[in-house]
Amino acid sequence: MMSQKKCRSVRVGNVEIGGPNFVIIAGPCSVESEEHLQETAAQVKKTGASILRGGVFKLRTNPQSFQGLGNDGLSVAKRVRDQLNLPIVCEVTDPRQIGDMVNVVDIFQVGSRNMYNYSLLKELGKIKKPVMLKRGFSALIEEWILAANYVLEGGNDQVILCERGIRSFDKVTRNTLDLASVSYLKQNHEFPVIVDPSHGTGVRSLVTPMSLAAAAAGADGLLVEVHPNPDKALSDGFQTLDFQQFAGLVNQLDPLLKVLNRPLYTL
Ligand code: PEP
Ligand code: MN
């Protein structure tokens, strides 16, 4: 087996991403209401997630689609995070949001559409919070690393990479999940790497098998979309797991992580 580079792990409260344990980040694509986020957060925490996800500023391909709750969603995210004592990752889409977000979010997510937004990356280099940088959907691994270096250059070395699939010619899947990038990055770079099998496939039934494959490829964790009723979700329901399916994922992942000597971190 090829040797792995030593990982520069990132700490979020008690959770270490890129450390000895595998980490699951889970939650809805978008924050929809306080009750909705609360219910989802409590359930994913109980099932094995140690970080909550939930977007409030949504970058949608169609301007008619739900754009997220914006600053109201941020207040909801803060209350739920504090009540459940669960760190949260939220996507930042504009440098002007950083001031409002910095006291709420534990990890700033940079989405695929913004991987090349160097002014945003420079601003995130100035803060003292972790940044999860998603791969641009047509980005070379080299361009992705250089984008991460923009954050590092600013003085913030808490960068996590997230493989979320790249655009390819096939229409069966939303994206082509490039798991070779994960093994490559673990062999050649020091960043923690997590995998998003939800956007990476765009197909609910493929999320669990690709999660297992991501762990085997050497990923440090997962970012998974979970919703109480995916068919009613305001965004990305087709690739979202319900609570039972998420529990099934964790149940299948658990024994594999033990074999890999990378047990799941639980709160
Ligand atoms: C997301 O995680 O909510 C998201 C929009 O993902 P991506 O930027 O990878 O499309
Ligand atoms: Mn989504």
Side-chain angles (χ1 to χ4, degrees), residues 17 23-32 36-37 40-41 44 49 51-63 65-70 73-74 77 88-94 97 101 105-117 120-121 124 130-139 141 143-144 147-148 159-168 173-179 181-182 193-204 206-207 210-211 214 219 221-242 245-246:
I17 303 176
V23 171
I24 299 180
I25 306 170
C29 178
S30 304
V31 174
E32 298 180 6
H36 161 256
L37 190 65
T40 312
V44 297
I51 301 177
L52 178 65
R53 66 151 288 148
V56 299
F57 305 109
K58 298 304 296 179
L59 290 178
R60 306 302 301 282
T61 304
N62 184 341
S65 301
F66 176 61
Q67 300 285 309
L69 296 182
L74 222 43
I88 187 162
V89 50
C90 266
E91 180 172 355
V92 57
T93 60
D94 186 309
Q97 295 156 354
M101 290 179 79
V105 311
D106 299 279
I107 303 176
F108 281 82
Q109 173 172 325
V110 176
S112 195
R113 290 162 185 77
N114 267 317
M115 192 208 82
Y116 294 105
N117 186 341
L120 177 61
L121 298 174
L124 292 169
V131 173
M132 184 178 77
L133 179 63
K134 289 192 140 195
R135 182 179 187 176
F137 44 61
S138 58
I141 293 173
E143 293 171 324
W144 190 14
V159 179
I160 303 153
L161 300 178
C162 177
E163 170 62 60
R164 49 79 73 207
I166 47 178
R167 184 163 283 178
S168 183
T173 48
R174 184 180 187 181
N175 291 291
T176 295
L177 184 61
D178 180 10
L179 290 177
S181 82
V182 177
V193 180
I194 67 160
V195 169
D196 173 351
S198 307
H199 296 87
T201 63
V203 180
R204 193 180 295 155
L206 298 179
V207 171
M210 288 305 98
S211 298
L222 296 174
L223 177 74
V224 186
E225 289 183 334
V226 179
H227 188 286
N229 186 355
D231 291 332
K232 293 268 160 62
L234 296 182
S235 54
D236 286 354
F238 50 85
Q239 64 189 31
T240 297
L241 303 184
D242 66 20
Q245 289 159 342
F246 179 58

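Ligands are counted one by one from 1 in listed order, and the atoms in each one are counted from 1 as well. Just so we're clear, the structure is a prediction, and the values are computed from it rather than from any experiment.
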With a cut-off of 4.0 Å, which atoms of ligand 1 are near a heavy atom of Gly111? 8 (O)
Under 3.5 Å donor-acceptor, Asp106 side chain and Ile88 backbone: yes
Would you say Gln239's side chain and Gly237's backbone share a donor-acceptor pair under 3.5 angstrom? no
Does the side chain of Asp236 come under 3.5 Å of the side chain of His227 through a donor N or O and an acceptor N or O? no
Approximate separation, where rounding is to 0.5 Å, of Ile194 CD1 and Lys134 NZ: 8.0 Å
Proximity flag Gln109 to ligand 1, non-hydrogen atoms under 4.0 Å: yes
Students should be able to answer this: which protein heavy-atom is nearest to atom 6 (O) of ligand 1, and at what distance? Lys134 NZ, 2.9 Å
Give a yes or no answer on whether the side chain of Glu163 reaches the backbone of Ser181 with a donor-acceptor pair at less than 3.5 Å. no
Report the nearest protein non-hydrogen atom to atom 4 (C) of ligand 1: residue, atom name, distance rounded to 0.1 Å. His199 NE2, 3.5 Å
Hey, are Asp231 and Arg204 close enough for a salt bridge, meaning a charged N less than 4.0 Å from a carboxylate O? yes
Those atoms of ligand 1 less than 4.0 Å from some heavy atom in Arg53: 1 (C), 2 (O), 3 (O)
Spatial distance of atom NZ (Lys58) from atom OG (Ser65) [nearest 0.5 Å]: 11.5 Å
Sub-4.0 Å atoms of ligand 1 with respect to non-hydrogen atoms of Lys58: 3 (O)
Distance from Ser138 atom OG to Met115 atom CE, nearest 0.5 Å? 8.0 Å
Would you give the length of the straight line joining atom OG of Ser112 to atom CZ of Arg167, rounded to the nearest 0.5 angstrom? 8.5 Å
Are any of the N/O atoms in Ser112 less than 3.5 Å from those in ligand 1? yes
For Asp242, check salt bridge (Lys or Arg N to Asp or Glu O under 4.0 Å) against everything at least two apart and list the hits. none
Gln97 and Asp94 side chains, donor-acceptor separation under 3.5 Å: no
Give the residue and atom name of whichever protein heavy atom lies nearest to atom 9 (O) of ligand 1, and the separation in Å to one decimal. Arg164 NE, 2.6 Å
Under 2.8 Å from the Mn ion (ligand 2), how many protein N/O/S atoms do you get? Just the number, please. 4
Got the closest protein heavy atom to atom 5 (C) of ligand 1, with its distance? Glu91 OE1, 3.7 Å
Give the atoms of ligand 1, by number and element, whose distance to some non-hydrogen atom of Arg113 is under 4.0 Å. 10 (O)
